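The structure under discussion appears below in the form of structure tokens.
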Amino acid sequence: MARLNVSKAQEEFPEVVNRAASGGERTIVSRRGKDVAAVIPIEDLRLLERLAREEMDRIDIEEARAALKEAEEKGTIPLEEVRRRLGL
């Protein structure tokens, strides 16, 4: 994986983009020795976005299951009662 500082990445930006687009190369961009960004192929970005959505879905499902379990264990309150308590 290539690594460039910000100045060099600016100078070589068109080439960096071409290498990502055509060759699948990933380039890390650093500033003062710290990694701050990356230029990656669009397919990598789409994969990362899909994985992030799937992880969020997994978390939502876990939380929904936990809420259903809690409702089964502790019972529920009818909507009319919630509205009454909230003054709605």
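In what follows, residues are counted from 1 in the order of the sequence shown. Computed from a prediction, not measured in an experiment: that's the story for all the values here.
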Which residues share a salt bridge (charged side-chain N to carboxylate O under 4.0 Å, His left out) with E55, sequence neighbours left out: R58
Set of residues satisfying side chain to side chain donor-acceptor pair (under 3.5 Å) with respect to E12, sequence neighbours excluded: K8
Student check: side-chain heavy atoms of L4 and I28 closer than 4.5 Å: no
Qualifying side chain to side chain donor-acceptor pair (under 3.5 Å) pairs with a residue from residues 69-81, counting only residues at least two apart or across chains: E81-R84, E81-R85
Selection residues 36-48 - residue pairs positive for side chain to side chain donor-acceptor pair (under 3.5 Å), sequence neighbours left out: R26-D44
Pairwise distance CD(E54) to CD1(I61) - rounded to 0.5 angstrom: 10.5 Å
With A38 via side chain to side chain contact (heavy atoms under 4.5 Å, CB included) - residues at least two apart: I40
Pairwise distance CG(N5) to NZ(K34) - rounded to 0.5 angstrom: 16.0 Å
Spatial distance of atom CG (N18) from atom CD (E25) [nearest 0.5 Å]: 11.0 Å
Joint cluster assignment, L88 & I77, ILVMFWY side-chain distance < 4.5 Å: yes
Partner residues of D35 under the salt bridge (charged side-chain N to carboxylate O under 4.0 Å, His left out) criterion, sequence neighbours left out: R3
